[in-house]
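Small disclaimer: the values here were computed from a predicted structure and weren't measured.
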Amino acid sequence: IGADFCKDNHHFINKGISGNTISALEKRWQNDALDLNPDVISILIGINDVSSEIDKKPTALNIEEFENKYRKLILDSMKANSDIVLVLCLPFVAPVGKRIADFEQWNQATLEKANCIQKLAKEYNTVLVNFPQVLERATKKAQAEYWIWDGIHPTVPFHTLMAREWIKEVSKKVPFLKGYSGL
């Protein structure tokens with residue numbers, strides 16, 4: 001988008017921090033997101049919450065707590081800018097690497113987070129990007145290891161598919177992207 005629409009002078013800021021949970025994101029939301037006065041905010045969070053849950057960390061949240069914190073991010077964003085385009089992305093996991101041994105546990109917890117996020121996306125009429133569905137389609141073309149090297153972190157080819165899906169879904173709410181494929 002930045003390359004193809006450079007004359008529009010769009011700015012893209014990635015404030016994602018590896019290992020962050022919804023609680024960590026909530027603590028920095030005002031400074032790292034809202035204070036930037038963005039037109040679009042894209043959120044991909046949840047897999048580190050799953051990890052905290054599986055590792056039985058004392059900071060792990062139950063699904064109600066996760067939902068309440070996520071809802072607060074949405075409401076704070078809408079309050080800061082009623083025209084903001086919120087993009088909620090679903091977390092994903094694959095039976096690869098360290099995730100093979102306890103994949104069912106990882107998968108169930110990830111699905112629980114994804115279902116919660118889908119519910120919130122519907123409730124607040126946000127853009128929803130279904131990365132698990134993208135991964136499912138991709139694994140029909142090549143093994144999961146090609147797309148997700150350790151079960152949770154995407155490879156460069158999967159990042160490409162993620163970007164394409166993100167553009168496709170966001171173009172439904174961002175007028176200048178209508179008809180843009182990003183290819």
TODO: With rounding to the nearest 0.5 Å, note down the distance linking CG in L61 to CZ in F66.
DONE: 8.5 Å
Open item on the list: Could you tell me if the side chain of Y70 sits less than 4.5 Å from the side chain of E26, heavy atoms only?
Closed with: no
Task: Under 3.5 Å: donor-acceptor pair, side chain of E65, backbone of N62 - done: yes
Task: Criterion side-chain contact (heavy atoms from CB on, under 4.5 Å) on K15 and I13, from CA distance to verdict - done: CA-CA 6 Å; K15 291 288 189 164; I13 302 168; 3.7 Å; yes
Open item on the list: Between N14 and G16 (side chain of the first, backbone of the second, donor and acceptor by atom type, cut-off under 3.5 Å), is there such a pair?
Closed with: yes
- [ ] Indicate yes or no: at least one non-hydrogen side-chain atom of I41 is less than 4.5 angstrom from one of W29.
- [x] yes
Task: Donor-acceptor pair, side chain of D150 and main chain of G97, under 3.5 angstrom - done: no
Task: Minimum side-chain heavy-atom gap V93-V50 below 4.5 Å - done: no
Task: Pairwise distance CG(N125) to CG(L86) - rounded to 0.5 angstrom - done: 10.5 Å
Open item on the list: Closer than 3.5 angstrom, by distance alone: can the side chain of W147 be matched with the main-chain N or O of A138 as a donor-acceptor pair?
Closed with: yes
Open item on the list: Between R71 and L75, is there a side-chain heavy-atom distance shorter than 4.5 Å?
Closed with: yes
Open item on the list: Check E169 with K172, please: is the shortest side-chain N to carboxylate O separation under 4.0 Å?
Closed with: yes
Open item on the list: For the backbone of V85 and the side chain of D39, can you confirm whether one donor and one acceptor N or O come within less than 3.5 Å of each other?
Closed with: no
Open item on the list: Run the side-chain contact (heavy atoms from CB on, under 4.5 Å) test on V87 and V40 for me, step by step, so that the C-alpha distance in whole Å, both residues' side-chain angles and the decisive distance to 0.1 Å come before the verdict.
Closed with: CA-CA 7 Å; V87 183; V40 177; 3.9 Å; yes
Task: Validation row: Y180, I1 side chains within 4.5 angstrom (heavy atoms) - done: yes
TODO: First locate atom CD1 of I54, then atom CZ of R99, and finally report the distance between them rounded to the nearest 0.5 Å.
DONE: 8.0 Å
Task: Inter-residue atom distance K72.NZ - S77.OG, 0.5 Å rounding - done: 9.5 Å
Open item on the list: Distance check, rounded to the nearest 0.5 Å: D8 atom CG versus H11 atom NE2?
Closed with: 11.0 Å
Task: Student check: side-chain heavy atoms of P132 and N130 closer than 4.5 Å - done: yes
- [ ] Applying side-chain contact (heavy atoms from CB on, under 4.5 Å), run through M78 and N81 and close with a yes or a no.
- [x] CA-CA 5 Å; M78 294 173 129; N81 177 356; over 6 Å; no
TODO: Would you check if there is a donor-acceptor pair between the side chains of W106 and S51 at a distance under 3.5 Å?
DONE: no
Open item on the list: Is the shortest side-chain heavy-atom distance between L90 and L44 below 4.5 Å?
Closed with: no
Open item on the list: Hydrogens and angles aside, do S42 and W166 bring a side-chain donor and acceptor to less than 3.5 Å of each other?
Closed with: yes
TODO: For the pair H10 and F176, name the ring-plane relationship: parallel under 30°, tilted 30 to 60°, perpendicular over 60°.
DONE: parallel
Open item on the list: Any non-hydrogen side-chain atom of N20 less than 4.5 Å from a side-chain atom of R28?
Closed with: yes
TODO: Quick one: list whatever passes salt bridge (charged side-chain N to carboxylate O under 4.0 Å, His left out) with E165, sequence neighbours left out.
DONE: R137, K168
TODO: May I ask you to decide if E64's main-chain N or O and N68's side chain share a donor-acceptor pair within less than 3.5 Å?
DONE: yes
Task: Spacing of CD1 belonging to I47 relative to OG belonging to S52, to within rounding of 0.5 Å - done: 10.5 Å
Open item on the list: Is the distance between the ring centroids of F92 and F158 under 6.0 Å?
Closed with: yes
Open item on the list: Between S171 and K178 (side chain of the first, backbone of the second, donor and acceptor by atom type, cut-off under 3.5 Å), is there such a pair?
Closed with: no
